[in-house]
2 protein chains.
Amino acid sequence: MADEERPAELDFWSFIELAHHRLATEYGFRHQLATEVLLTLNRASDLVTYDLESAVHRPRGLSWSSFRLLFVTWLAGPLEPKRAAVLTGMSRAAVSNLSKPLVADGLLERSPGEHDGRSVLLSLTEHGHRTMEELFGAHNEREYQWTSVLSETEQRILVMLLNKLITNRDQFDLRERS
Amino acid sequence: MADEERPAELDFWSFIELAHHRLATEYGFRHQLATEVLLTLNRASDLVTYDLESAVHRPRGLSWSSFRLLFVTWLAGPLEPKRAAVLTGMSRAAVSNLSKPLVADGLLERSPGEHDGRSVLLSLTEHGHRTMEELFGAHNEREYQWTSVLSETEQRILVMLLNKLITNRDQFDLRERS
DNA sequence: GAGATTTAATTAAGGCATTTACTATCTCAC
DNA sequence: GTGAGATAGTAAATGCCTTAATTAAATCTC
């Protein structure tokens, strides 16, 4: 059974192998391993995120982004929208837009800042707090289902390698959200 | 210098530590390492993707998604929109929408399928092919900048661990795009 | 302390991807 | 072969997130 003759089995995940193979043999690109690492990283992240969103959050009426905002507010709040934007990795405008329905649903609260008339503080309501405990419980169980194929040591190595991958982002002019 | 008193240094990346710490000490969640692994995975993927998109693809007038579609068409094409959707991880409708401007710009070509009157084949034009070689060159250089903090062995371990993380996705009722 | 600059948040407009609904074609059962 | 159901692709509507413009309040300069 020749390896080149199995297009029918190709899917989102295994496409990485095809890419690696063709980039190596047909084009003279120098850094195939870099492509393989980052494609794998992206696709793993997408698969897990899509699964968590559709299994845990959508059924409860929340988007992935809403969850992220509630999550940082839960753990780092009360905080200003600007800081929530940094911690979630969204724009400030996105935080503002996402807040609206969450406030209307009674999960999130906005109160004027203490020392700055422009500022606002986001915090969870009592209901929001209880919701997060239940919600994160379900989220965390499913996270565990995903990660439990790896031993604890493997998980720590994975975290360590990803941390290392990211640490030199200062060494070149990284593009970040403003 | 107490660890609890450094909120000013907290950013998108280091938020993971705060989450880990609070989930461990203040809430009784069982699977903190799972959360740490998947938060790290997501944030690393988001950082790299955002950087590649804004440094390489946006300046050339392409979105990240457009690049993904061109990339799979380049390496696995000519192919049907349905297969392009599977390989990119988008919906068929997204492929249809994305194709339109790419065809208009002369990068992509649609031709009627051979054996099926409903079907269509997507392929790169000659211009699209040349564009991808230049574009992927730039993309690949920047990928290399990212990954070169890791040794070749570390990169292979990372790929292996991510592969392992994904392999048991069949063991529970994974949610995938239809 | 008045005017200019900077900063926080929101609003507005636009882009992109998703879901849902629709059309056309194919397959299969009878 | 005819009709029911499945499948490919597209179109329409919706949602989310981005950038740019706007409003308001702080700070800095002289």
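The sequence lines fix the lettering, A, B, ..., with proteins before strands; numbering per chain opens at 1.
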Residues in contact with DNA chain C, drawn from residues 93-105 of chain B - heavy-atom cutoff 4.0 Å: B:Ala93, B:Ala94, B:Asn97, B:Leu98
d(CG, B:Leu121; C1', D:dA8) in whole Å: 12 Å
Selection from D:dC16, D:dT19, D:dG9 that lies nearest to any side-chain heavy atom of B:Tyr50: D:dT19
Presence of B:Arg58 side-chain N/O under 4.0 Å of C:dC16 phosphate oxygens OP1/OP2: yes
Minimum-distance nucleotide to A:Lys82 side chain [options: C:dA9, D:dT18, D:dG9]: C:dA9
Distance in angstrom units between A:Arg83 CZ and C:dT7 C1', rounded: 17 Å
Spacing of B:Arg110 atom CZ relative to D:dG9 atom P, expressed in whole Å: 9 Å
Parallel, tilted or perpendicular: rings of B:His129 and B:Trp74 (30°, 60°): perpendicular
Whole angstrom value for the distance that separates C1' of D:dG9 from CG of B:Leu79: 14 Å
Value in whole Å for how far the C1' atom of C:dT19 lies from CE of B:Met90: 16 Å
B:Glu109 and B:Leu121, any side-chain heavy atoms less than 4.5 Å apart: no
Contact check, side chains of A:Ile157 and A:Leu150, non-hydrogen atoms, under 4.5 Å: no
Atom-pair distance (CD on B:Glu53; C1' on D:dT19), nearest Å: 13 Å
Side-chain N,O (B:Ser119) to OP1/OP2 (D:dG9) below 4.0 Å: yes
From CG (A:Asn42) to CZ (B:Arg68), nearest 0.5 Å: 8.0 Å
Side chain to side chain donor-acceptor pair (under 3.5 Å) partners of B:Arg110, counting only residues at least two apart: none
B:His57 and B:His139 aromatic ring geometry - parallel, tilted or perpendicular at 30°/60° bounds: tilted
Spacing of B:Leu62 atom CG relative to C:dC16 atom C1', expressed in whole Å: 14 Å
Separation of D:dT23 C1' from A:Arg92 CZ (nearest whole Å): 13 Å
Beyond-backbone contact of B:Val48 with B:Leu52, side-chain heavy atoms, under 4.5 angstrom: yes
